[in-house]
Amino acid sequence: MKTRYLVPMILLAAFLFAACGNGEEDRRADRRPAEAVEIDPATAATAVTTVHFEGTAPDPQRISMAADRSCQELHTEPVYDRVVIVNEDGTLANVFVYVKEGLEGKSFPVPGEGAVLDQVGCMYTPRVFGLQVGQELIMRNSDATLHNVHASPTANREFNIGQPVQGMENTRTFNQEEVMIPFKCDVHPWMSAYAGVLPHPYFGVTGEDNGTVVLDNLPPGEYVIAAWHEEYGEQTQRITLGESERQELTFTFRSDPA
Amino acid sequence: MKTSGRLDGLLFVLFFIIGLIACIWYLIRHDPGFLPLASEHGGFIDNLFVVTLIITGIVFILTHVLLVFFTFRYKGNGNGEKAFWYPDNKKLEIIWTIVPAVIIVALIVWGQVGWAKIFHTNPPDDAFVVEIVGEQFAWNIRYPGEDGEFGRTNPELITRTNPIGLDRTDPAAEDDIVVLNELRVPLDHPVLLKLRSKDVIHSVFLPNFRVKMDAVPGMTTTFSFKPTVEGEFDLLCAELCGLGHYRMRGYVVVQPMEELEVWLSEQREMN
Amino acid sequence: MASEHAVGTVEHHKETFISKYVFSYDHKMIGKQYMITALVWALIGMALSWIMRIQLAYPAEQMPWLETVLGRYAEGGILAPEYYLAMMTMHGTIMVFFVLTAGLIGTFGNFLIPLQIGARDMAFPFINMLSYWTFFLASVIMLLSFFVESGPAAAGWTVYPPLSAIAAAIPGSGAGQTLWLLSIGVFIVSSLFGSLNYIVTVLNMRTKGMTMGRMPLTVWAIFIAAILGLLAFPVLLSGAIMLLLDKNLATSFFIPAGLYIGGELLSYEGGSPILWQHIFWFFGHPEVYIVALPALGICSEVIATYARKPLFGYKAMVASLLAIAFLSFIVWGHHMFVSGMNPFLGSVFVLTTILIAVPSAVKVFNWLATLWRGKLHFTPAMLFAIGLVSLFITGGLTGIFLGNAPIDIQLHDTYFVVAHFHFVMGAAALFGIFAGIYHWFPKMYGRMMNNTMGKLHFWLTFIGIYLIFFPMHFMGTTGVPRRYYAFTEFEYTMQYGGMNEFITIAALITGAAQIIFLINFFGSMYLGKKAERNPWNATSLEWTTDDPMPGHGNWKGEIPMVYRGPHQFSTPEGKEDYVMQSDNTGFEGLEREN
């Protein structure tokens, strides 16, 4: 090759190198060599977790839907930002309960069905939810106005999807374990949701009728169970489950953490 | 070299005439014009626009008539016949340099008179002050409350329920009222807008009031005007700020001061 | 004044495919490379505008084929807002940098300068070759950005930080924006290589007798545009590097403290978003003229040629080019009247800005005077040049609205601006490219383009451009903002639903009409009638070259000497209706010394 082609050739090579390098960017997180877990129903254990609340719940703030007339039209009653929901039996709703430690190195099948985050009446439904690593998250806009689903994870890749049309659905998956990932709609700053992403199916969220989460079909062993609430943070408890054992746990969140 | 061209000359004439008629028809039929005016200084802007439109309209039609007429009239036969030898004319060129310059300087001077009224005049001390803090994709509107002073803000205090990071320990912040997307201003009373942004550049655009000013993060910009019409109007974002830019909608309500004060006290109770 | 380089031959080495068509040193081939690359980019840019137009005309309508074409940018057949903005950003970037800058000054600067001033090649052929290939590299980097996960840059072609600097602010500000900045950086290097070459070649390589005052208007325009490029582009380069650092290495040139984005307080401190705007527009406004001046130059030359008249007021035309160029460096603030810049500064910029109307008006009047009592030949090149005059008038006059600050309060960032710059910078410059291609195609490829197809192409394009962009003035006057994904959110913008549909249909048809041009262009390359040496009876030196055009070196024999000014049509003393610059009639005593 003549020397006068050297410079362009170097440029070309540099470019090709850059192009190839770009392709590599997509590499997935290292998958730990996982032993497939087969759970024997005969020995499976159960942790029944109930979350209580003590103290006085803060007054819910009223959301001024007047900020967006297309949202306002969807509501006849005043809407409140219900961060702390205390049920009649004194339990606390919207607490994410999950197995935090004790399942390392085990792998679980990913459910084929996706988790759904819906946007109805300019609010997220559900407000707190969980899904598995690799499981599809289906985000649906049921309103006839623009919402954007702006997820701000730290371990996973951030995304920000605009959904201008009613009925639109977008799907994403998370490749890393992460508790919790906040979701926000930038158009409606009051909208907020949280998702817990776990590599196993042992999680649940306390409801407005029932402050209990049943983690069943667990292999016997030692676990750390955690309960997370967006206002009051996370609490953990260590338990040991014997074969076919059923244990009850209680978490208590206090409004005044004295 | 042979080129046909009678048709081209004719097409230029036709296109110009039809285009002009279409324009006039559209103007009459649809009256696209300005949005209804609702501020004092807006009248000046509209007048300046109309006068500029008339001047440029005359120039547009004049130059196009010449252009179109020349193309229609001076077709050559392509046989090498000579055109009129006319390489320059100093006097003519000086005239058509100076005349546009004079017209243009007149427009500038007139424009600057208005510009000075809008920007180089301090708003009166009793102006109704509102702060607008843009964020993706909403407007946080803050009223200073009875003390007429805005309390301290600190971005570290920003939460979902405290969108502008108001420092409630500051006594001036106690009666501050923060609402979302609802800008209410008093009728026939000077208003001073103070604009800030939490994230990217936004631009507060009140088309009926002929008001537009960027809200730039890291600094405060201002715009003062006087609303002259009661009613509800639009607040838009005019600087690309992200995917929700096109519907970063706010509502402007102009109402008499007394009604506005009632509304403000209601908001204070809710806040 | 003439340089000694002008005479003598370029060393002739054996030509291989690579040396002739790929890494060619020949300015003619490099010009063609620029042209073809720009043509490809123009098609991509146009396709992007179609996608935008379809979204604006039919918002919220599910179009499954859109997902087929765009994939994840249009999940469920609806173009997502963040990708609409990405299409818009890329449309602007591609059109301004790769089509109008590279396609105009790159094509004609390279192809014409040596031919018109009588030189065998550019001053630095190797740098010239590098200039094209760095442009190519920039093109490839930009193209790559379409394929990164978060999509291409989406903060507008002006990439205002913080939106462009923070990935959480808009998806395109991730890897897409980084690639954008890299691509533009590389493009600037290419552009500087080019400008340097044009300037040095014009100053040093003119043939004997070719004084500066005898250069054709096109060369003057390109020369001045190259000076603008040399002074303006480095400013953008430094800005782009700073933005790249802000984006990826957390410096704070343009980003102030206390930014709260995506639910997080950012750690930047001390920068100013306005600083970027000053830097960008200090480049951005001269850039408008880097694009426009060559088009105006081509227009002047083409009009004189086909009107068979000398260009009226040659000196005034050159002077007005210089005046526009000078003023273009002190008007950038008119993009920032309501940016938060001190309003007093705004007053100064109003004055300088509107003054540009004066030399612009001189140009228009001189063109009209050139047409007056001419013998007009309506070739496609002439039609495009006349069209350019019309577009330039329309776009120039709307500049008087926008340049007057109080009016700009209302019109800034509305569709009035979109209409304005598409007329004066977009369409006018595009017409300059078309006029140039139709005019010089015989010299480029030794064949004629089809006249009828050329005319059809002109009429569809000319009418189409008015139908697309003229109605936007009405929208802008009412206050419809630009860079909106849909006009469905405000009552007063909704009234333009029908008009948006109309504009979209016009855009689709006008775009489709460009197929006529493509067929004509590529077809004529192989099937066109063989061109004579000087098919238009033009006067400048390129038409003295042998036919077919010799390879590297341009003239087989000696380079002709120049005896008179350009554009000498219908002179009273001439036998024919044109006298070539190399015609020595009346100067027989003036023999060349060497």
Side-chain angles (χ1 to χ4, degrees), chain B residues 1 3 5 8 32 35 45 48-49 52 56 59-60 63 66-67 70-71 74-76 78 80-85 87-88 93 96-97 100-101 104 107-108 111-112 114-115 119 155-156 158 198-201 207 210 212-214 216-219 221 234 236 238 240-243 246-247 249, chain C residues 81-82 156 160 162-163 169-170 256 258-261 265 273 308-310 313 316 338-340 343 347 350-351 354 357-358 361-362 365 368 371-379 393 397 400-401 404-407 409-410 412-413 474 478-479 481 483-486 489-490 492 570 572 576-577:
Chain B
M1 178 175 69
T3 46
D8 296 302
L35 284 179
I45 292 180
L48 187 60
F49 183 99
T52 311
T56 54
V59 176
F60 176 81
T63 47
L66 292 177
L67 183 69
F70 291 168
T71 53
Y74 297 118
K75 195 197 119 35
E81 58 174 334
K82 281 192 187 173
F84 180 59
W85 172 255
D88 51 27
E93 288 175 69
W96 66 45
T97 307
I104 275 160
L107 278 178
I108 297 174
Q112 281 307 304
W115 183 254
F119 283 114
E156 280 173 22
I158 293 175
K198 275 165 73 177
D199 38 40
V200 300
I201 305 174
R210 317 295 187 247
K212 189 181 287 138
M213 182 52 77
D214 284 5
V216 186
M219 61 190 272
T221 54
D234 290 316
L236 298 82
L240 178 59
C241 62
L243 65 87
Y246 75 102
R247 55 103 60 242
R249 179 169 192 175
Chain C
E82 58 272 31
Y160 281 9
L163 183 61
I170 190 167
L259 242 54
Y260 189 85
I261 297 182
L265 188 63
R308 313 311 290 164
K309 280 190 65 184
V338 291
S339 69
S347 303
V350 170
L351 180 73
I354 302 219
V358 176
V362 169
F365 292 135
L368 288 174
L371 289 171
W372 180 62
R373 294 185 68 180
K375 296 286 179 199
L376 273 49
H377 296 175
F378 291 102
T379 59
I393 294 172
L397 288 174
I400 296 177
F401 293 80
N404 212 349
I407 305 183
I409 293 174
Q410 180 70 358
H412 177 76
D413 265 341
F474 298 122
T478 316
R483 291 171 167 178
Y484 267 32
Y485 163 74
E489 304 299 321
F490 298 89
Y492 82 91
S570 305
E576 287 174 283
D577 66 342

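First the proteins, then the strands, lettered A, B, ... as listed; each starts at 1.
Here the shortest heavy-atom pairing between B:Trp115 and C:Pro343 reads NE1-O, 2.9 Å. Across all their heavy atoms, C:Tyr492 and B:Leu236 have their closest contact at OH-CD2, 3.3 Å. Smallest separation of non-hydrogen atoms from B:Leu240 and C:Arg483: CB-CD, 3.9 Å. The nearest pair of heavy atoms linking B:Ile104 to C:Ala357 is CD1-CB, 3.2 Å. For the residue pair C:Pro572 and B:Lys82, the shortest heavy atom distance occurs at O-NZ, 3.5 Å.
For C:Glu82, the parts lying under 4.5 angstrom from a heavy atom of chain B are both the backbone and the side chain. If you measure heavy-atom distances from B:Met213 to chain C, the contacts under 4.5 Å come from both the backbone and the side chain. Both the backbone and the side chain of C:Ile354 come within contact range of chain B, each with at least one heavy atom under 4.5 Å from a heavy atom of that chain. For chain B, the nearby parts of C:Tyr485 are the backbone and the side chain; heavy atoms of each come within less than 4.5 Å. B:Thr56 touches chain C through backbone and side chain together, each having a heavy atom under 4.5 Å away.
Interface check for chain C: of the options B:Pro217, B:Gly242, B:Ala101, the most heavy-atom pairs under 4.5 Å are formed by B:Pro217.
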Please step through side-chain contact (heavy atoms from CB on, under 4.5 Å) for the pair C:Phe401 and B:Leu48, ending with a clear verdict.
CA-CA 9 Å; C:Phe401 293 80; B:Leu48 187 60; over 6 Å; no
In sequence, state the C-alpha distance, the side-chain angles, and the governing distance for C:Phe378 and B:Thr71, and then conclude on side-chain contact (heavy atoms from CB on, under 4.5 Å).
CA-CA 9 Å; C:Phe378 291 102; B:Thr71 53; 3.9 Å; yes
Quick one: do B:Leu67 and C:Leu371 satisfy side-chain contact (heavy atoms from CB on, under 4.5 Å)? Show the steps, please.
CA-CA 8 Å; B:Leu67 183 69; C:Leu371 289 171; 3.5 Å; yes
Where do C:Leu368 and B:Phe70 land on the side-chain contact (heavy atoms from CB on, under 4.5 Å) test, with the steps shown first?
CA-CA 8 Å; C:Leu368 288 174; B:Phe70 291 168; 4.3 Å; yes
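Comment: C:Lys375 engages B:Glu81 in a salt bridge, judged by a side-chain N to carboxylate O separation of less than 4.0 angstrom.
Ring orientation note: the planes of B:Trp96 and C:Phe365 are tilted relative to one another, at an angle of 30° to 60°.
Separation of atoms OH (B:Tyr74) and CG (C:Leu376) is listed at 10.0 Å; rounding is to 0.5 Å. In this structure, the separation between CG on C:Leu163 and CD1 on B:Ile201 is 8.5 Å, given to the nearest 0.5 Å.
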